[in-house]
Amino acid sequence: YIHMDKKNRNGYTLYAHNLGRFDSIFILKSLVTSGYDIKAQWKENDILSIKITDKVRKLNIKLKDSIKMVPTSLDNILKTFKCNVTKGIFPHKFVHLNNLNYVGAKPDIKYYFEAHQLTDSRLNEYTKLPDTFNLKQECLEYLKSDVMGLLEAMVKISSHYYDNYDFNITSFSTLPSLALAIFGYEHRQNQHHHAIKVIKGPLEKFIRQAYFGGNSNIFVSGKDRFVKEGYHYDQNSQYPNGMTMPMPTGNPVFSNNKDLNYHKLGFVF
């Protein structure tokens, strides 16, 4: 629940873990039907950020997906950054429509973990749970840990990037975009390196017409379209490998020369 009536929160950026694939599904319809103006930033099928505006009172906040900045589970994040808040455990499979106010014996461990997920540490967590279980209370505590844990983690992550690179992570939607900014920062800090130009605007859009991803093709001869025998080829992204190679530096030059031998390095239409 977001208090849009508080003016001192105007312009805030808030984070939800796995916003693009989970939380946004539940909140978008509610926000629109409540009269808020919604502008979402998409990447493929994921929502990267949602700007929520109250046009009448001229207030806005932005929601971003923290999993795009730290691509792992919230439990791993809290442990990795040694946060004081722990995620805890909750019997998701125990909850159904008819027991929302359940108070009684602690649910069996099977409601918390699958058999293959059981480890000594998880068994220890389960053992420490109180014998009397209040579903509503435990649910609220679990949700509170999610919110406060993510807040603590994002504050630590934000401080790290700001202290080391002077970057505010709210200016970036994904970890790759932040990594690219850091890459440029390192080159600016080291003057002996040649400047690496970043191409933007119409020229960037023109060049990107040549880039395709996620294409899959199956070639089958004859009338029978069923592949009885075949080979599967999977070529992963070449960008990481490309980053290890010599890169163009200096100011880019546009040329109408049609002799391909003339072009040492670049894009050819």
Side-chain angles (χ1 to χ4, degrees), residues 1-6 9 12-38 40 45-54 59 61-81 83-155:
Y1 180 72
I2 304 163
H3 294 276
M4 286 290 288
D5 59 329
K6 301 294 184 180
R9 294 188 178 94
Y12 270 35
T13 296
L14 309 177
Y15 284 93
H17 208 58
N18 209 11
L19 171 75
R21 288 295 181 94
F22 182 75
D23 295 301
S24 60
I25 298 171
F26 295 98
I27 65 176
L28 279 177
K29 184 177 179 180
S30 297
L31 289 169
V32 172
T33 54
S34 298
Y36 293 109
D37 182 62
I38 305 298
N45 291 324
D46 284 357
I47 292 179
L48 298 181
S49 65
I50 305 171
K51 186 177 181 180
I52 307 167
T53 302
D54 184 332
L59 302 174
I61 61 169
K62 183 175 284 187
L63 298 181
K64 287 198 169 188
D65 193 346
S66 51
I67 205 170
K68 299 300 181 185
M69 297 298 295
V70 199
T72 186
S73 68
L74 180 56
D75 187 39
N76 286 338
I77 293 173
L78 298 180
K79 291 176 181 176
T80 300
F81 290 92
C83 294
N84 295 319
V85 179
T86 58
K87 183 170 175 60
I89 57 176
F90 187 78
H92 296 88
K93 294 184 178 181
F94 178 76
V95 184
H96 54 79
L97 185 61
N98 297 322
N99 73 345
L100 297 180
N101 294 309
Y102 174 85
V103 178
K106 176 172 60 177
D108 191 271
I109 194 171
K110 68 181 181 182
Y111 293 110
Y112 291 86
F113 307 111
E114 300 285 352
H116 67 276
Q117 294 177 320
L118 279 179
T119 60
D120 290 341
S121 62
R122 285 176 171 171
L123 183 59
N124 187 43
E125 277 188 279
Y126 175 77
T127 304
K128 290 180 178 179
L129 293 175
D131 292 330
T132 301
F133 185 85
N134 183 315
L135 179 57
K136 181 179 179 180
Q137 181 179 327
E138 291 298 325
C139 180
L140 292 175
E141 285 297 321
Y142 185 74
L143 293 174
K144 182 180 178 181
S145 295
D146 266 15
V147 173
M148 299 309 295
L150 183 61
L151 173 62
E152 183 183 358
M154 294 308 293
V155 168

Nearest-0.5 Å distance that lies between atom OG1 in T33 and atom CG in L28 = 10.5 Å
Given side chains that start at C-beta, do those of S145 and K87 come closer than 4.5 Å, heavy atoms only?
-> no
Over all atoms of both residues, closest heavy-atom pair of F133 and P91 = CZ-CG, 3.6 Å
Compare all side-chain heavy atoms of L135 with those of N99 and state whether any distance is below 4.5 angstrom.
-> yes
Pairwise distance CG(L19) to CG(L48) - rounded to 0.5 angstrom = 9.0 Å
Could you tell me the separation between the OG1 atom of T80 and the CG atom of D75, rounded to the nearest 0.5 Å?
-> 9.0 Å
Hey, does the side chain of H17 reach the backbone of Y15 with a donor-acceptor pair shorter than 3.5 angstrom?
-> no
Check: residues 117-127 side-chain donor-acceptor pairs under 3.5 Å, at least two apart:
{"unit_1": "Q117", "atom_1": "OE1", "unit_2": "E114", "atom_2": "N", "d": "2.8"}
{"unit_1": "T119", "atom_1": "OG1", "unit_2": "S121", "atom_2": "OG", "d": "3.1"}
{"unit_1": "T119", "atom_1": "OG1", "unit_2": "R122", "atom_2": "N", "d": "3.3"}
{"unit_1": "R122", "atom_1": "NH1", "unit_2": "Q117", "atom_2": "O", "d": "2.8"}
{"unit_1": "Y126", "atom_1": "OH", "unit_2": "P107", "atom_2": "O", "d": "2.8"}
{"unit_1": "Y126", "atom_1": "OH", "unit_2": "I109", "atom_2": "N", "d": "3.4"}
{"unit_1": "T127", "atom_1": "OG1", "unit_2": "L123", "atom_2": "O", "d": "2.8"}

Whether Y111 and F94 hold their rings parallel, tilted or perpendicular, with breakpoints at 30° and 60° = perpendicular
Could you state the interatomic distance from CD1 (I67) to CD1 (I77), rounded to the nearest 0.5 Å?
-> 7.0 Å
Which value, rounded to the nearest 0.5 Å, describes the distance between Y112 atom OH and K106 atom NZ?
-> 7.0 Å
Indicate the atoms forming the closest heavy-atom contact of A153 with L78, along with that distance.
-> CB-CD2, 4.2 Å
Least distance between heavy atoms, S66 atom then L150 atom = OG-CD1, 3.5 Å
Residues forming a side-chain contact (heavy atoms from CB on, under 4.5 Å) with V32, sequence neighbours excluded = I38
Closest non-hydrogen contact found for E152 with C83 is OE2-CA, 3.3 Å
Quick one: pull up CG in L129 and CD in E138 and give me the separation to the nearest 0.5 Å.
-> 7.0 Å
